[in-house]
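Contents: one structure, followed by commentary.
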Amino acid sequence: MEEKKYTIKDAADMMHVPTSTIRYYDKEGLLPFVERLESGYRIFTEKDLATLRTIDCLKKTGMSIREIRQFSQWLEQGDASLQQRYEMFLERKRAVEAQMKELQGILDVIDMKCRYYEEAIAAGTEKIHF
């Protein structure tokens, strides 16, 4: 059975990003694995889409394009780069955990302010807090 192929529009729709994002990733050398037809159109496989989702995830963690490009190069190397990729994901995990801790602190302040204003509204004044 032949593998299903997707256009750049299909890929963008499935990832909920504009096609310009995928074109940018390609221009930046993050998608060396993507097949191109003679017409120049990019064709994506399920494996390509999974890799695109990983790239998008890495970008959302604050990883630089240069670092993601390195990841893409490691993917091309196959098993020879398993350790580097593993270490990169451990570092990303630590970075995301730190972001989550920071965001939890922000959420705690917002929750406290919501309680403050709920109580002030119920009392008809915020003087109850002074």
Side-chain angles (χ1 to χ4, degrees):
M1 186 162 105
E2 189 172 318
E3 185 174 27
K4 182 143 173 61
K5 308 275 180 152
Y6 302 92
T7 65
I8 192 169
K9 182 176 180 344
D10 295 334
D13 289 348
M14 292 165 76
M15 290 184 54
H16 309 289
V17 299
T19 56
S20 59
T21 297
I22 297 175
R23 286 190 183 94
Y24 173 71
Y25 290 166
D26 192 24
K27 181 178 91 54
E28 290 297 322
L30 307 182
L31 311 177
F33 50 84
V34 173
E35 175 187 345
R36 282 188 180 257
L37 300 176
E38 281 184 35
S39 62
Y41 288 112
R42 297 164 188 87
I43 297 296
F44 297 85
T45 64
E46 290 289 344
K47 183 179 175 190
D48 296 339
L49 293 175
T51 303
L52 260 175
R53 286 184 192 99
T54 300
I55 288 169
D56 191 53
C57 173
L58 292 172
K59 186 74 179 121
K60 288 175 180 171
T61 70
M63 197 170 188
S64 72
I65 292 295
R66 181 182 55 77
E67 292 169 313
I68 298 171
R69 188 179 305 114
Q70 177 63 70
F71 170 70
S72 290
Q73 291 167 355
W74 285 335
L75 284 177
E76 293 291 300
Q77 293 173 10
D79 290 347
S81 67
L82 286 172
Q83 186 67 39
Q84 290 98 324
R85 287 182 273 157
Y86 172 66
E87 289 170 8
M88 182 208 70
F89 276 101
L90 285 177
E91 189 280 323
R92 286 291 92 203
K93 182 177 187 276
R94 286 189 293 273
V96 169
E97 287 170 344
Q99 289 172 331
M100 289 173 66
K101 185 176 179 181
E102 182 179 358
L103 287 172
Q104 185 60 56
I106 294 167
L107 184 58
D108 291 346
V109 171
I110 291 171
D111 283 342
M112 188 267 303
K113 286 298 188 181
C114 286
R115 283 189 303 278
Y116 172 95
Y117 287 109
E118 286 170 357
E119 291 168 5
I121 290 168
T125 180
E126 67 181 304
K127 290 180 182 171
I128 65 165
H129 294 294
F130 303 115

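Bear in mind the structure is a predicted one, so any value in this text is a computation, not a measurement.
- Shortest non-hydrogen contact noted between I55 and L30 is CD1-O, 3.5 Å.
- Cation-pi geometry between K27 and Y24 is not met at under 6.0 angstrom from the ring centre and within 45 degrees of the axis.
- For the atom pair Q70 CD and L75 CG, the distance stands at 10.5 Å (nearest 0.5 Å).
- Residues T21 and K59 fail the side-chain proximity criterion, which asks for heavy atoms closer than 4.5 Å.
- Residue-environment remark: CD (E76) exceeds the threshold of 12 foreign heavy atoms within 6.0 Å.
- Counting only distance, with no hydrogens or angles, the side chain of D26 and the backbone of R23 share no donor-acceptor pair below 3.5 Å.
- Closest of all the heavy-atom pairs between E119 and H129 is OE1-CE1, 2.9 Å.
- When hydrophobic clusters are built by joining Ile, Leu, Val, Met, Phe, Trp and Tyr residues whose side-chain heavy atoms come closer than 4.5 Å, directly or via intermediates, Y117 is not grouped with I128.
- Counting heavy atoms from C-beta outward, L103 and I106 have side chains that approach closer than 4.5 Å.
- Here the rule is salt bridge (charged side-chain N to carboxylate O under 4.0 Å, His left out) with E35, and of K5, R42, K47 only K5 fits it.
- For E97 and K93, the salt-bridge test passes: some basic side-chain N is under 4.0 Å from an acidic carboxylate O.
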Checklist entry - Step by step, would you call R69 with E28 a salt bridge (Lys or Arg N to Asp or Glu O under 4.0 Å)? => result CA-CA 8 Å; R69 188 179 305 114; E28 290 297 322; 3.0 Å; yes
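- Nearest heavy-atom pair across P32 and S72 is CD-CB, 4.2 Å.
- Expressed to the nearest 0.5 Å, how far CD1 of I68 lies from CD1 of I65 amounts to 5.0 Å.
- Minimum interatomic distance between F44 and I8 (heavy atoms only, all atoms of both residues): CE1-CA, 3.6 Å.
- Checked by atom type, the side-chain pair Q73/Q77 shows no donor-acceptor distance below 3.5 Å.
- A salt bridge links D13 with K9: the distance from a Lys NZ or Arg NE/NH1/NH2 to an Asp or Glu carboxylate oxygen falls below 4.0 Å.
- Listed for the R94 side chain is no donor-acceptor partner under 3.5 Å among the backbone atoms of F89.
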Next on the checklist: Assess the residue pair R115 and D111 against the criterion (salt bridge (Lys or Arg N to Asp or Glu O under 4.0 Å)); give the C-alpha distance rounded to whole Å, side-chain angles, the decisive distance to 0.1 Å, and a yes or no.
Outcome noted: CA-CA 6 Å; R115 283 189 303 278; D111 283 342; 5.1 Å; no
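- With a 6.0 Å radius and a threshold of 12 heavy atoms from other residues, nucleotides or ligands, M100 has its CE atom at or below the threshold.
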Checklist entry - Does the side-chain contact (heavy atoms from CB on, under 4.5 Å) test come out yes or no for L107 and Q104, once each step is laid out? => result CA-CA 5 Å; L107 184 58; Q104 185 60 56; 4.1 Å; yes
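- Between the side chain of D48 and the backbone N or O of T45, at least one donor-acceptor pair lies under 3.5 Å.
- Rounding to the nearest 0.5 Å places CD1 of I43 at 7.0 Å from OG1 of T7.
- Note that the CG atom of D56 and the OG1 atom of T51 stand 12.5 Å from one another [nearest 0.5 Å].
- F33 and V17 end up in the same hydrophobic cluster when Ile, Leu, Val, Met, Phe, Trp and Tyr side chains are linked at under 4.5 Å.
- Note: the hydrophobic cluster containing F71 does not contain V96 (ILVMFWY, side chain heavy atoms under 4.5 Å, direct or indirect links).
- The closest side-chain donor-acceptor pair between Q84 and S81, if any, does not fall under 3.5 angstrom.
- Other residues, nucleotides and ligands place more than 12 heavy atoms under 6.0 Å from the CZ atom of R36.
- Ring geometry, Y116 versus F130: the interplanar angle exceeds 60°, so the pair is classed perpendicular (tilted spans 30 to 60°).
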Next on the checklist: Please evaluate residues Y6 and L49 with respect to the criterion side-chain contact (heavy atoms from CB on, under 4.5 Å), reporting the C-alpha separation (whole Å), side-chain torsions for both, the decisive distance (0.1 Å), and the verdict.
Outcome noted: CA-CA 9 Å; Y6 302 92; L49 293 175; 3.5 Å; yes
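- Taking CZ from R92 and OG1 from T54, the interatomic distance works out to 13.5 Å, rounded to the nearest 0.5 Å.
- Although no hydrogens or angles enter the test, the distance criterion places no donor-acceptor pair under 3.5 Å between the side chain of R53 and the main chain of M15.
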